[in-house]
Participant: 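After the structure tokens below, expect a handful of questions from me.
Residue numbers start from 1 in every chain, and the chains themselves are labelled A, B, ... in the order their sequence lines are given, proteins ahead of strands.
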Protein chains: 2
Amino acid sequence: MVEPIRLNSLASEVFDRVVDAITSGEFEPGEKLSESKLARELGISRGPIREALQRLEGKLVQRVPRIGVRVIEFGADGLRQLFYLREAMEGMAARLAAENISDQDLLELEKMLKRHEDTIRGSTAYRQKTMDEDFHFTIARLSGCTNISNLLLSEVYYQLRIHRLKSSSRPGRAEEALAEHKKILHFLRARDPDQAEAAMRAHIRSARESTLALLDANVSV
Amino acid sequence: MVEPIRLNSLASEVFDRVVDAITSGEFEPGEKLSESKLARELGISRGPIREALQRLEGKLVQRVPRIGVRVIEFGADGLRQLFYLREAMEGMAARLAAENISDQDLLELEKMLKRHEDTIRGSTAYRQKTMDEDFHFTIARLSGCTNISNLLLSEVYYQLRIHRLKSSSRPGRAEEALAEHKKILHFLRARDPDQAEAAMRAHIRSARESTLALLDANVSV
DNA sequence: ACATCGCAAACTGTTGACAGAGAACAGCCG
DNA sequence: CGGCTGTTCTCTGTCAACAGTTTGCGATGT
């Protein structure tokens, strides 16, 4: 069997590795990442490390000239701004999806929500994070606007994951979210761009309020 | 007189230089950029060149592994998608600006529009591009959402400039745009988020239609 | 004991070099 | 004369080394 030994470059490998490490909590927010140390640990040179960290700049790390690279940390304010951005971009994505969606894609979405419903009924809400991400990114993909879906993937969802790591969601939030997802799907099925965008934006606002309220509660405790 | 010789890194210098070269038309869309050649021309090593081109990836250039870097080229479809993204993000920016704007900032905006009006009355419409950019970016800044303003700057405006290079705007479009800017300012002054967002989105849709119509006309000619 | 100064270690920014992959081109065969 | 093949040449991906800077620790003086 012939297969390529290594398709992607070392830099991509390091990129994925570092993303995993950050979004899984191995690297704490604010922690300083040293190029040389990473290079030593991974057993490669500093070149690919540099490239990977550069690609992560503004997404998951901050670079300060002559100082180094550190994992981003953002408080309630940064999180709120992230939700503003999501609301704008995903609202537009829902609008475009409503204009372009095919019957086939509608069926796929319905099945997805069915699975989510079963999962919620069956187990704890742990899985809700990835379910939510699935639904939202599918909508972004169906918008047909690569600009928007790429930016959501690279700029928003990574940062969201970093936050979701250390905060659980309010009990009952999963059910709320599912109901809101169903409402969005309803307007997608109706091919109603205005209502689809409105429903998506309301959903994200709702998620924002829920998240920030929980955050405030935890901080004050 | 003591002053730092070089505050910013070579990579930043190269970044700015390449952005200028692309947005000024020195590098044509689709043209292949060679790291080594750039390095030779600028008289520095390939390292900073690499970093600069990496930072431009997805914004003004595309990288293909093992092949190289080329200036992005996008047709009517990419341009339309860019306007969708603008509509979403700048609409939200206008909303947030309406919520937070200070009297001082309102005065600044008024003076800016006054200057624009004088410019339009006095000369050809050549300057309209940068004027428009000024107004829109100011709104983004006033939104207070660094996420949005940074993304607009790095992902949207660069690409817009590349397009504006090779297409003039329809006669009379400058006046229309100014009127729409005034309407946006009106709702900002009224601190009406809903109307401010609606006016901004209508303005960008209007610009989209105007731009795309002109593009189609030119293509068919 | 405390503050200050100086030094050394570590790290980042940059450079030059090497190996492998792609592309262009000349030559050969049908 | 056209298509295939082997060579050469350039370019990217990667690595090791150098220079300048920041940081932290220790010595020194008060």
Participant: In whole Å, what is the span from the CZ atom of B:Arg46 to the P atom of C:dG13?
Facilitator: 18 Å
Participant: For the atom pair CZ (A:Arg95) and CG (A:Leu188), what is the distance rounded to the nearest 0.5 Å?
Facilitator: 12.0 Å
Participant: Under 4.0 angstrom, heavy atoms only, what part of the nucleic acid is B:Gly47 near: base, sugar-phosphate, or nothing?
Facilitator: base
Participant: Pick the nucleotide of DNA chain D nearest each of B:Val69 and A:Lys32; which residue has the one closer to the 5' end?
Facilitator: B:Val69
Participant: Apply side-chain hydrogen bond (donor to acceptor under 3.5 Å, both in side chains) to the pair B:Gln62 and B:Glu57, showing each step before the final yes or no.
Facilitator: CA-CA 5 Å; B:Gln62 289 174 321; B:Glu57 182 172 1; over 6 Å; no
Participant: Mind calculating the distance between CD (B:Glu35) and P (C:dT14) to the nearest angstrom?
Facilitator: 15 Å
Participant: Could you tell me whether B:Glu35 and B:Arg50 make a salt bridge, using a distance below 4.0 angstrom between a side-chain N and a carboxylate O?
Facilitator: yes
Participant: Rounding to a whole Å, what distance do you find between B:Glu13:CD and C:dT14:C1'?
Facilitator: 15 Å
Participant: For A:Gly43 and B:Arg40, take the nucleotide of DNA chain D holding the closest heavy atom to each; which residue's nucleotide lies nearer the 5' end?
Facilitator: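 The answer here is B:Arg40.
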Participant: For the side chain of A:Pro48, counting heavy atoms from C-beta on, which of D:dC15, D:dT12, C:dT12 is nearest?
Facilitator: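 That would be D:dC15.
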Participant: By nearest atom, which of the nucleotides D:dC11, C:dT14, D:dT14 is closest to the B:Ala11 side chain?
Facilitator: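 Taking heavy atoms from C-beta onward, the closest nucleotide is C:dT14.
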Participant: What is the distance, to the nearest angstrom, from the CD atom on A:Glu51 to the P atom on D:dC15?
Facilitator: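 It works out to 12 Å between those atoms.
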Participant: Which is true for B:Leu53 with a 4.0 Å heavy-atom rule: it touches a base, it touches only sugar-phosphate, or it touches nothing?
Facilitator: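 Since no nucleic acid heavy atom lies under 4.0 Å of B:Leu53, the category is nothing.
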Participant: OP1 or OP2 of C:dT12 versus the side-chain N and O atoms of A:Ser36: is any pair under 4.0 Å?
Facilitator: yes
Participant: Tell me: CZ of B:Arg66 to C1' of C:dG20, nearest whole Å?
Facilitator: 7 Å
Participant: Just how far, in rounded Å, is C1' of C:dA17 from CD1 of B:Ile44?
Facilitator: 17 Å
Participant: In terms of relative ring orientation, are B:His181 and B:Phe135 parallel, tilted or perpendicular, with 30° and 60° separating the classes?
Facilitator: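 If you compare the ring of B:His181 with that of B:Phe135, the planes turn out parallel.
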Participant: Looking at A:Met92, A:Glu90, A:Glu87, which one forms a side chain to side chain contact (heavy atoms under 4.5 Å, CB included) with A:Arg201?
Facilitator: A:Glu87
Participant: Can you tell me the distance, in whole Å, between the CD1 atom of B:Ile67 and the C1' atom of D:dT12?
Facilitator: 10 Å
Participant: Does a side-chain N or O of B:Arg50 approach OP1 or OP2 of C:dG16 to a distance below 4.0 Å, or not?
Facilitator: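 No, no such contact exists.
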Participant: Compare the minimum distances between each of C:dC11, C:dT15, C:dG13 and the side chain of B:Leu10, then state the nucleotide with the smallest one.
Facilitator: C:dT15
Participant: What's the CZ-C1' distance between A:Arg63 and C:dT14, to the nearest Å?
Facilitator: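 From A:Arg63 CZ to C:dT14 C1': 13 Å.
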Participant: Within less than 4.0 Å of OP1 or OP2 of C:dT12, is there a side-chain N or O belonging to A:Ser34?
Facilitator: yes
